[in-house]
Amino acid sequence: MLSHKSIYVLVALVPSGRVATYGQVARLLGHPRGARQVGYALARAPDDRALPWHRVVNARGVISARRKPGYEEFQRLLLEDEGVEFDARGRIPLARFQWRHEMLDSHPHVPRGGGETL
DNA sequence: TTTATGGCTGTCA
DNA sequence: ATGACAGCCATAA
């Protein structure tokens with residue numbers, strides 16, 4: 001099954017200034033239907049600075065709701081701090097900021113300038 | 001064992 | 001595009 005540890009290890013690879021989706025993480029770990037488990041795992045993740053939990057958002061580019069109030073704002077601040085942008089409706093344009101693991105090797109994670117609408 | 005509840009998602013009206 | 005909804009699946013009760 002999808003172990004919390006494997007999830008943490010993968011999330012730790014998401015570079016600053018980029019975001020991954022729950023489903024993306026699950027798929028990369030070989031569990032295409034495990035998105036909720038990823039969220040569940042992150043919800044119980046230890047307060048470890050080495051784990052960039054804030055870089056994981058839902059498939060719509062929106063910061064997911066939480067039981068504990070306030071965390072969504074906090075997450076947004078952390079992301080904006082890294083250069084991630086939000087549109088007027090509070091969504092992150094995944095076309096520009098989603099982590100592309102196939103560029104794991106060397107590409108500096110500079111968001112592609114605006115323009116591409118596809 | 002059965003039910004409820006989540007940091008989710010794809011589909012469809 | 002947007003909102004509703006039914007699947008999803010590990011944990012907790």
Side-chain angles (χ1 to χ4, degrees):
Chain A
M1 61 177 248
L2 206 39
S3 77
H4 286 199
K5 182 171 183 178
S6 64
I7 290 171
Y8 300 153
V9 170
L10 185 56
V11 170
L13 296 179
V14 181
S16 172
R18 287 279 175 179
V19 297
T21 68
Y22 300 97
Q24 175 183 15
V25 172
R27 285 193 300 278
L28 285 175
L29 292 173
H31 289 253
R33 309 272 111 56
R36 301 198 69 150
Q37 279 49 248
V38 172
Y40 190 82
L42 291 180
R44 289 163 185 62
D47 285 4
D48 183 348
R49 289 202 302 114
L51 178 66
W53 56 271
H54 60 284
R55 299 191 189 133
V56 185
V57 299
N58 69 33
R60 279 114 193 195
V62 174
I63 290 175
S64 308
R66 219 137 288 168
R67 292 335 118 184
K68 298 190 175 187
Y71 273 65
E72 293 156 275
E73 298 177 357
F74 180 41
Q75 180 171 2
R76 174 164 177 159
L77 290 179
L78 290 175
L79 288 172
E80 292 183 317
D81 229 33
E82 310 183 333
V84 173
E85 296 165 33
F86 290 73
D87 64 20
R89 306 171 95 241
R91 301 178 328 196
I92 297 168
L94 294 181
R96 294 196 300 156
F97 299 100
Q98 183 169 196
W99 175 43
R100 301 165 192 292
H101 53 290
E102 47 269 42
M103 67 177 206
L104 268 179
D105 11 68
S106 51
H107 276 301
H109 32 82
V110 179
R112 293 185 284 154
E116 78 291 308
T117 312
L118 297 178

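Letters go in sequence order (proteins before strands), and every chain restarts at 1.
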Checklist line | Smallest separation among heavy atoms of A/L94 and A/A59, with atom names | finding: CD1-O, 3.3 Å
Margin query: What contact category does A/A43 fall into here, base, sugar-phosphate, or nothing, at under 4.0 angstrom with non-hydrogen atoms?
Written below: base
Check: For the atom pair CG (A/L10) and CG (A/L28), what is the distance rounded to the nearest 0.5 Å?
Finding: 5.5 Å
Notebook entry, point to check: Using the P atom in both, what is the distance from B/dG7 to C/dG7, to the nearest Å?
Noted result: 22 Å
Check: When we call it a touch if two heavy atoms are under 4.0 Å apart, what does A/V38 touch: a base, just sugar-phosphate, or nothing?
Finding: nothing
Next item on the list: Scan residues 40-55 of chain A for pairs that pass salt bridge (charged side-chain N to carboxylate O under 4.0 Å, His left out), counting only residues two or more places apart or in two chains.
Entry: A/R55-A/E82
Checklist line | Gap separating the CG atom of A/L13 from the OH atom of A/Y8, nearest 0.5 angstrom | finding: 15.0 Å
Notebook entry, point to check: If every non-hydrogen atom of A/A50 is compared with every non-hydrogen atom of A/A12, which pair is closest and at what distance?
Noted result: O-CB, 3.9 Å
Check: Which letter, B, S or -, goes with each nucleotide of nucleotides 5-12 of chain C from 5' to 3', with contact meaning a protein heavy atom under 4.0 Å?
Finding: --BBBSSS
Considering only distance and modelled atom types, tabulate donor-acceptor pairs under 3.5 Å from the side chains of residues 63-72 of chain A, sequence neighbours left out.
unit_1: A/S64; atom_1: OG; unit_2: A/Y22; atom_2: OH; d: 3.4
unit_1: A/R66; atom_1: NH1; unit_2: A/Q75; atom_2: OE1; d: 3.0
unit_1: A/R66; atom_1: NH2; unit_2: A/S64; atom_2: O; d: 3.3
unit_1: A/R66; atom_1: NH2; unit_2: A/Q75; atom_2: OE1; d: 3.1

Item checked: Spacing of CZ belonging to A/R91 relative to CG belonging to A/N58, to within rounding of 0.5 Å -> 10.5 Å
Check: Knowing that exactly one of A/V57, A/V56, A/V14 qualifies, which makes a side chain to side chain contact (heavy atoms under 4.5 Å, CB included) with A/V19?
Finding: A/V57
Notebook entry, point to check: Sequence neighbours excluded, which residues qualify as side-chain hydrogen bond (donor to acceptor under 3.5 Å, both in side chains) partners of A/R76?
Noted result: A/E80
Margin query: As a check on the pairing definition, encode DNA chain C in dot-bracket form, counting Watson-Crick and G-U wobble pairs whose two distances are under 3.5 Å, and using | for partners outside this strand.
Written below: .||||||.|||||
Margin query: Could you see if A/Y40 belongs to whatever hydrophobic cluster contains A/V11? Use Ile, Leu, Val, Met, Phe, Trp, Tyr and a side-chain cutoff under 4.5 Å.
Written below: no
Next item on the list: On DNA chain B, reading 5' to 3', which nucleotide is the first and which the last to sit with an atom under 4.0 Å from a heavy atom of chain A, could you check?
Entry: B/dG6 to B/dT11
